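What follows is a single structure, written as structure tokens, with notes after it.
A, B, ... follow the sequence lines: proteins, then strands. Residue 1 opens every chain. Being a predicted model, the structure only gives us computed values, none of them experimental.
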Protein chains: 2
Amino acid sequence: MKPREKSRKISGKQPAKASREPLSRERIELAALDLIEEDGLETFSTRRLGERLGCEAMSIYHHYPSKSHLLNALLDRVLAAQPLPPQDLDPVERIRQLGYCWRQIGHDHPKLFQYIAMHRLNTRTGLGFLNDVITSFGRLGLDAETSARLFRSFSYYVTGAALDETSGYAKGPSATESVPDEELERDFPQVAAAGPFFKPQHFERTFAAGLDIFIAAIRDLADAAKQTKPRGRA
Amino acid sequence: MKPREKSRKISGKQPAKASREPLSRERIELAALDLIEEDGLETFSTRRLGERLGCEAMSIYHHYPSKSHLLNALLDRVLAAQPLPPQDLDPVERIRQLGYCWRQIGHDHPKLFQYIAMHRLNTRTGLGFLNDVITSFGRLGLDAETSARLFRSFSYYVTGAALDETSGYAKGPSATESVPDEELERDFPQVAAAGPFFKPQHFERTFAAGLDIFIAAIRDLADAAKQTKPRGRA
DNA sequence: ACCTGAACACCGTTCAAGT
DNA sequence: ACCTGAACACCGTTCAAGT
């Protein structure tokens, strides 16, 4: 999109000695995660990654068949690194915590999250994560359809929130020619008035507010289901 | 990412006569919207757009200073084209309909929606839209903070849903090596069981389910606020 | 005023070759 | 087995020139 700053090659043609331990998936992925969070997804390229690793871009292709495969490996890696709440928690409370976990992935990897939010989790790691979350929804005692819809719409909220917090109104790319402040105050007073609540210091509480709406609804549905067919010592 | 099919130039070097009406923002933007929905955002380029318009890529730069400016103009255009519910509706019902309106933009322009969802609406058109929605939240009779948080988390849900419906689980790019069905059934039974409800024919009802949770919560808050300080003929 | 075409600094990826 | 380097078919954008 836009031309980048001249690349500063300090070391001339000599490959940096320190970085010349052999390439490995681990070394490539850690460097890729760093590079993406430093410069963003848009400018991330195999050529620039090669530069950082002290190798040719094409060396990376010896470990991944394509750039997509590398990005998928990054998704897998950050997913596997995210600790999840214990299985024996009350399912509603566990679902609440899982919402925070998914959001945490966004906060830990804000630039990569654009990729994460828009790609199916259908590697083994991704499916394991989904299976885990859906299992907690299954423990609410609801019918399969209600449970599936609830999981799905809950995910819409959490992903939408995390995406907005990492790439949206406050941090995301802005219009090429933005409206000046005084014009905003004059012509869009409601936006100007609400604006302060859209700032990053409000992210935490706004996220909680919407999450609580969902969690309360989930708890109500679960309670109603227990009422109808009580299990165990009823 | 991946090499594209050979471009089929039917007309050789002759500029297609039909398309040689002079370039204009309107003609460029309509062609761009078509091209994006046909081939996707990733492969959309000024060069390919020029080809479709029967001009050089650089001719487009006479009407927009950069590709970003063009994309922003597209966002403005689809936003301005979306009809909104009448202002005199009950605010809660209007907010519900606005949720469907935002989602409709995604359905009308699924490929462009990835761009829309991730960019600030800070052109005049975008701010007009936001101001309109926030105004309806303002009419709920809640304090400014609650109202702002409610608008924000409601937007998280609607954007997350529309994004998922257009680029997510069912339609989005999948992992480079996906897990085969029998392995899914065996190792991720909860995902396999819920899978049918994630298909496009369930989008409408799943979206409504989550939206209704939000709308009910909004209505409760608004009713509680009216109780506390009734206005007019109380 | 509107459009062109060569050029520059980038991409992902293929392929044949080097160690 | 692991890595390189040239090459191919692309990008967005600058710039000087054409009408």
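Rounded to an integer number of Å, the gap from CD of Glu56(B) to P of dA1(C) is 21 Å. Regarding Phe44(A), its CZ atom lies at a distance of 8 Å from the P atom of dG12(C), rounded to whole Å. Atom CD1 in Ile28(B) sits roughly 11 Å away from atom P in dC2(C) (whole-Å rounding). In this structure, CG of Leu49(A) is placed 16 Å from C1' of dC10(C), rounded to the nearest angstrom. Following rounding to the nearest Å, Leu23(A) (CG) and dA1(D) (C1') show an atom-to-atom distance of 13 Å. When rounded to the nearest whole Å, the span between CG of Leu41(B) and C1' of dC11(D) equals 15 Å. Taking atom CD1 on Ile60(B) and atom P on dC11(D), their separation rounds to 12 Å, with Å as the unit.
Ser66(A) and His69(A) form a side-chain donor-acceptor contact under 3.5 Å, judged by distance and modelled atom types alone.
The side chain of Ser59(A) contributes no N or O atom lying less than 4.0 Å from OP1 or OP2 of dC2(D). Here His63(A) does not reach the OP1 or OP2 of dA1(D): none of its side-chain N or O atoms lies under 4.0 Å away.
Of the residues near DNA chain D, Arg47(A) and Ala57(A), the one whose nearest nucleotide (by heavy atom distance) lies more toward the 5' end is Ala57(A). Comparing His62(A) and Met58(A), the nucleotide of DNA chain D nearest to each residue sits closer to the 5' end for His62(A).
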- [ ] Give DNA chain D the dot-bracket treatment, 5' to 3': Watson-Crick (N1-N3 with N6-O4 or O6-N4) or G-U (N1-O2, O6-N3) under 3.5 Å, [ ] crossing, | other strand.
- [x] ||.|||||...|||||.||
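Not counting sequence neighbours, the partners of Asp76(A) by the side chain to side chain contact (heavy atoms under 4.5 Å, CB included) test are Thr123(A), Thr125(A).
The aromatic rings of Tyr157(B) and Phe214(A) sit tilted, their planes meeting at an angle between 30° and 60°. In this structure, Phe151(B) and Phe198(A) have tilted ring planes: the angle between them lies in the 30° to 60° band.
Aromatic ring centroids of Tyr156(B) and Tyr156(A) lie 6.0 Å or more apart.
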Sequence neighbours left out, cut at 3.5 Å: what donor-acceptor pairs do the side chains of residues 183-194 of chain A make with other protein atoms?
{"from": "Glu183(A)", "atom 1": "OE2", "to": "Arg124(B)", "atom 2": "NH1", "distance (Å)": "2.2"}
{"from": "Asp187(A)", "atom 1": "OD2", "to": "Arg124(B)", "atom 2": "NH1", "distance (Å)": "3.0"}
{"from": "Asp187(A)", "atom 1": "OD2", "to": "Arg124(B)", "atom 2": "NH2", "distance (Å)": "3.2"}

